[in-house]
Amino acid sequence: MPSHNKIPKITITLGDFSGVGPELAVRLLSNPTNLEKAAVSIFASASEIATISDDFNVTVPIGDDPGPGHVCLLGSDLADIPVAAKQTSVAAGRRVMSDLRAAVQRYRDGLSDSLMFLPLNKTSLHLAGMHEHDELRWFANLLGFDGFTSELNFVPGLTTSRVTSHIPLSEVAFGITARAVRDAITLLHRVIQGTGVPHPRIAVAALNPHAGEHGQFGREEIEHISPGIELASQVDGVNVEGPFPCDTIFIKAKKGEYDGVVTMYHDQGQIAMKLMGFDSGVTVQGGLPVPIVTPAHGTAYEIVGLGKASLGPSQRAFDIAVDLGRQHMH
């Protein structure tokens, strides 16, 4: 059994109670092997865990304090308040936001090394009062963090970061600067290192067709992307290459030539990553002071309660939370 002092402290929230998050959580935490990897605390009441566990015929061992071999229950300000299944609602969004705020506070109090949340629904969050475009920006505001952030996406063997994310395509080119490219590269480099790859190999995708064809199809590669790559390589010492045409770079990455790819906008990377591993995808809220990890899929209303939700992404998210939490241990 690992030493209590050498395992990270992980705080978990059940995600949106209208979706598959709670059932995935109890299945994940009923596995004794997982509970030896970290000291797990979860925002849920004893009655909630008992009911969900009974529904899926599993047992989650409970302990009074965080430590290996069991789960410590933290309750919730909104525990045991019914949330309608398979639909968006204010109640669902409020529970998610309440638990996530409390999870962030545990990090601030030195009680958690990484956070993991199960799938949530953005519509419910906005109904409940979230004004930011996405949870990454919400977390950054909650933490008072104004540095570079990027949603990182994982499938086995490959990780991506983005220079721009949840913005209209018409605004993407304006968001691409040498500094932003460099920041996306160095962030990706650090996070991949945190998962146990000491010398990541990183590629950078171009924005324009044919990587701009020497300026014929756009100058972003010349004026911004290549200078950002050079800074990351020469100043930060990152093993990085590019810019490569985005219609071929993922072919090389899939063959194992790179550990990470920096993309210029959301779907440039997400389409490829979901084709490569939708059933094993994980998202990291990259750049924040605390590692925050979640499975990349949604609330899956169509299969709620059926026990059909794949545990693979949640298991991988948990393992990444353990790896990154170990790097951030208080």
Side-chain angles (χ1 to χ4, degrees), residues 1-17 20-81 83 94-120 139 142-143 282 284-285 288-295 311 313-330:
M1 179 182 297
S3 166
H4 191 340
N5 295 325
K6 294 182 179 179
I7 62 173
K9 302 181 291 291
I10 297 181
T11 299
I12 295 178
T13 72
L14 296 179
D16 195 314
F17 268 68
V20 296
E23 63 189 76
L24 289 169
V26 297
R27 291 166 57 197
L28 180 76
L29 298 176
S30 66
N31 183 343
T33 300
N34 287 332
L35 299 182
E36 297 300 333
K37 298 176 182 177
V40 177
S41 300
I42 188 166
F43 280 96
S45 69
S47 60
E48 286 174 332
I49 293 299
T51 298
I52 301 164
S53 298
D54 288 347
D55 287 344
F56 294 92
N57 196 31
V58 298
T59 300
V60 177
I62 305 300
D64 293 333
D65 298 301
H70 61 263
V71 173
C72 176
L73 298 183
L74 302 172
S76 171
D77 288 343
L78 300 178
D80 302 307
I81 296 175
V83 171
R94 282 178 178 165
R95 174 64 185 267
V96 169
M97 292 172 70
S98 175
D99 289 351
L100 288 176
R101 284 193 189 97
V104 168
Q105 188 59 49
R106 280 184 64 77
Y107 160 73
R108 286 174 161 165
D109 293 341
L111 300 173
S112 187
D113 301 309
S114 64
L115 312 180
M116 175 181 168
F117 63 91
L118 277 299
L120 47 75
F139 280 123
L142 194 62
L143 288 160
V282 173
V284 172
Q285 312 294 315
L288 299 174
V290 55
I292 303 179
V293 184
T294 187
L311 192 59
S314 296
Q315 180 64 63
R316 182 157 166 75
F318 180 81
D319 290 338
I320 291 172
V322 170
D323 288 338
L324 296 180
R326 192 176 291 115
Q327 299 292 319
H328 287 75
M329 286 179 67
H330 285 79

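The first residue of the sequence shown is numbered 1, and numbering continues consecutively from there.
- Residue I320 holds its CD1 atom at 10.0 Å from CE of M116, rounded to the nearest 0.5 Å.
- Between V282 and Q315, every side-chain heavy-atom pair lies at or beyond the 4.5 Å cut-off.
- Looking only at distances, no side-chain donor or acceptor of T11 sits under 3.5 Å from a matching main-chain atom of A103.
- The closest donor-acceptor contact from the side chain of E48 to the backbone of S45 lies under 3.5 Å.
- No donor-acceptor pair under 3.5 Å is formed between the side chain of N34 and the backbone N or O of L29.
- Counting only heavy atoms from C-beta outward, the side chains of L311 and L28 approach each other to under 4.5 Å.
- Within 6.0 Å of CZ in R94 there are 12 or fewer heavy atoms belonging to other residues, nucleotides or ligands.
- Atom CG of D55 has more than 12 neighbouring heavy atoms from other residues, nucleotides or ligands inside a 6.0 Å radius.
- Side-chain contact between P22 and L118 is absent, with no heavy-atom pair separated by less than 4.5 Å.
- For the pair F117/I12, no side-chain contact is recorded, criterion being any heavy-atom separation below 4.5 Å from C-beta on.
- Looking at heavy atoms from C-beta onward, L100 lies out of side-chain contact with F43 at the 4.5 angstrom threshold.
- Remark: L324 CG to S114 OG distance equals 7.0 Å, nearest 0.5 Å.
- For the atom pair CZ (R95) and CG (L14), the distance works out to 6.5 Å, reported to the nearest 0.5 Å.
- Put simply, the side chain of D109 never gets that close to the backbone of L111: no donor and acceptor are under 3.5 Å apart.
- Minimum interatomic distance between S98 and L78 (heavy atoms only, all atoms of both residues): CB-CD1, 3.9 Å.
- Note that the CZ atom of R27 and the CG atom of N57 stand 12.0 Å from one another [nearest 0.5 Å].
- Taken to the nearest 0.5 Å, the OG atom of S112 stands 11.5 Å off from the NE2 atom of H328.
- Between T294 and A317, the closest heavy-atom pair is C-CB, 3.9 Å.
- Nearest heavy-atom pair, L120 versus V96, reported as atom, atom and distance to 0.1 Å: CD2-CG1, 4.0 Å.
- Nearest approach of I10 to A38, heavy atoms of both residues: CD1-CB, 3.7 Å.
- Across P66 and A39, no two heavy atoms sit closer than the pair C-CB, 4.0 Å.
- Residues S314 and L24 approach most closely at OG-CD1, 3.6 Å, considering heavy atoms.
- Put simply, the side chain of D16 does not reach to within 4.5 Å of the side chain of P119, judged on heavy atoms.
- Interatomic distance, D99 CG to D77 CG, rounded to the nearest 0.5 Å: 8.0 Å.
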(message) Using side-chain contact (heavy atoms from CB on, under 4.5 Å), reason through V284 and I292 one step at a time and then give a plain yes or no.
(response) CA-CA 6 Å; V284 172; I292 303 179; over 6 Å; no

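- In this structure a side-chain-to-backbone donor-acceptor pair under 3.5 Å is present from H70 to D65.
- Checking each of R106, K9, K6 against D113 for a salt bridge (charged side-chain N to carboxylate O under 4.0 Å, His left out) leaves exactly one that passes, namely K9.
- Here the side chains of P61 and V71 are not in contact, with every heavy-atom distance at 4.5 Å or above.
- For the residue pair Q327 / D323, no side-chain donor-acceptor distance below 3.5 Å is found, with atom types taken as modelled.
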